[in-house]
Amino acid sequence: MPGRTGLPAWKALAAHRDALANTHLRGLFAADPQRGERFAVDAAGWHLDYSKNRIDAESLRLLLALADQCDLRARIDAMWRGDKINVTEQRAALHIALRASAAEEFAVDGEDVVPEIHATLARMADFCARVRDGEWKGYTGKPIRAVVNIGIGGSDLGPVMAYEALRHYSRRDMQFRFVSNVDGTDFCEAVRDLDPSQTLFVVCSKTFTTQETLANAHAARAWLLSSLGDDRAIARHFVAVSTNAAEVAKFGIDPANMFGFRDWVGGRYSMDSAIGLSTMLAIGADNFRAMLDGFHAMDTHFHSAPFARNLPVLHGLLSIWNTNFLGVESVAILPYDQYLKRFPAYLQQLAMESNGKQVSQDGARVEYATSPLYWGEPGTNGQHSFYQLLHQGTRRATCDFIGFRTSLNPLGEQHRLLLANLVAQAEALAFGKTADDVRAEGVAEHLVPHRSFDGNRPSNVLLADALTPATLGALVALYEHSVFVQGVIWDIDSFDQWGVELGKQLAARIVPELHDASAPLTHDSSTNALIRRLRRH
Ligand code: F6P
């Protein structure tokens with residue numbers, strides 16, 4: 001089988017890109033008055049308008065042919081079957097089972113995993129109800145009023161993103177904090193105004209061996225015991241979420257206070273597993289289930305819709321087009337909703353830890369670009385910061401604008417202003433403003449180049465009616481599947497993360513070297529000098 005760039009569709013796309021080189025979005029829209037409606041798709045409460053990408057009908061046809069030639073359908077079926085599609089770790093990637101209904105079956109190694117998932121959800125719901133109702137008491141008999149999630153990466157970014165996104169639906173008489181960084185400042189600032197006797201720590205770690213999380217969990221235990229003074233308090237103030245019961249017990253958390261999940265749930269795909277315990281504590285079990293239903297609706301669509309009308313497939317293929325054929329290097333995630341302020345950070349891990357790879361599944365170096373960089377900020381704040389570069393810079397980015405028709409916090413005209421800005425930015429990027437238009441406004445000739453906008457800059461617009469648990473779940477599932485589609489086209493393992501290991505190993509070596517000033521230093525001269533400097537301080 002030829003490599004990806006040798007596939008007929010890949011070659012045809014390269015030729016097609018050259019043929020489109022002088023085509024502007026202005027021309028594409030002028031030639032097809034229906035383009036805005038034609039290049040749009042709806043699924044699971046979301047509307048994707050992808051008409052402002054630099055594509056025509058032929059581009060789409062060729063991208064869909066590329067998907068076929070990369071066996072996308074077979075790879076989706078393999079995921080659904082629970083095959084070990086995470087080849088380097090020999091694991092399934094079956095996060096779709098986390099939101100399956102009790103009537104469905106998903107098997108790993110011949111065992112249906114759905115009953116265990118629903119049993120865990122029921123235990124989580126029971127625990128959350130008891131904490132929220134005040135029935136679960138702290139060691140001194142007071143109800144819990146603060147929840148501190150301790151975790152990092154997928155054990156933090158999903159929970160904190162979901163909490164912030166669904167804050168509208170959360171218990172307002174409770175505090176929810178998230179501690180991830182090994183920098184002691186993170187923990188100290190998170191707990192400084194909390195009452196230990198009313199604080200519950202949720203220690204989240206798939207492996208329960210992660211340095212940062214264990215350091216923070218130990219700090220939490222010391223903080224709690226310095227106030228409550230009795231080891232027996234741990235059982236009332238600590239719960240764990242992990243796949244590793246032995247390490248949880250070693251830390252001193254009663255396995256009865258542990259909520260489990262399996263190794264076929266990747267960390268960055270785990271916010272809808274037991275890792276979502278703090279989310280459920282905040283929004284309650286019914287809202288959590290509604291979020292799972294949203295995930296599931298997008299899963300069903302992804303699995304069953306024809307590729308030409310399949311939202312995650314089209315979204316993923318457009319990223320391939322922009323990355324591999326138009327040379328775009330980054331994707332700006334621009335939610336026009338303040339509640340989604342952590343969504344860009346969440347997507348950074350989802351996309352870049354999944355697809356930031358340089359070798360294909362069989363270990364050969366890839367000869368094409370893989371994941372672009374993901375970054376972003378909520379609109380309209382970003383407009384007054386980095387949008388200058390998006391409109392007139394020399395670096396090319398694509399933008400995903402995300403918005404909601406209605407606001408959860410209507411305030412005079414403000415939602416209309418917000419939405420007008422979203423729509424205007426996508427329009428400005430696509431169509432720009434020609435030098436002639438600028439001159440016609442009477443601008444002095446020497447300023448014309450400064451005030452012209454080339455346009456022809458691609459973007460997607462994603463709209464839903466309102467930010468609800470279900471629309472959030474569907475949005476996350478959309479990106480999960482889009483990332484998978486891109487990984488299939490790039491022929492990479494989207495579910496491992498070996499690239500994070502080297503830094504961890506070197507840090508473990510350097511910790512004692514910082515501690516012991518007499519330890520010989522055998523690194524390069526720069527690393528040695530830095531360590532010596534830090535020792536002095
Ligand atoms: O270092 C990267 C990573 O392994 C992520 O993939 C993961 O989400 C994070 O660390 C946290 O891992 P754990 O949940 O095992 O503590």
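Atom set for the values below is all heavy atoms of this structure, side chains included, hydrogens, waters and symmetry mates excluded. Just follow the structure's listing: the first ligand is 1, and inside any ligand the first atom is 1.
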Under 6.0 Å between ring centres, would you say that holds for F259 and F127? yes
Taking the ring of Y269 and the ring of W264, is the distance between their centroids below 6.0 Å? no
Please check if any side-chain donor atom of N310 sits under 3.5 Å from a side-chain acceptor atom of H481, or the reverse. no
Under 4.0 Å from ligand 1 - residues by heavy atom, chain and number: I152, G153, G154, S155, S205, K206, T207, T210, G267, Q349, E353, Q497, V500, K504
So, for F343 and Y374, is the gap between ring centers shorter than 6.0 Å? no
Do the ring centers of H315 and Y479 come within less than 6.0 Å of each other? yes
May I have all residue pairs that pass salt bridge (charged side-chain N to carboxylate O under 4.0 Å, His left out) and include part of residues 289-300, sequence neighbours excluded? R99-D299
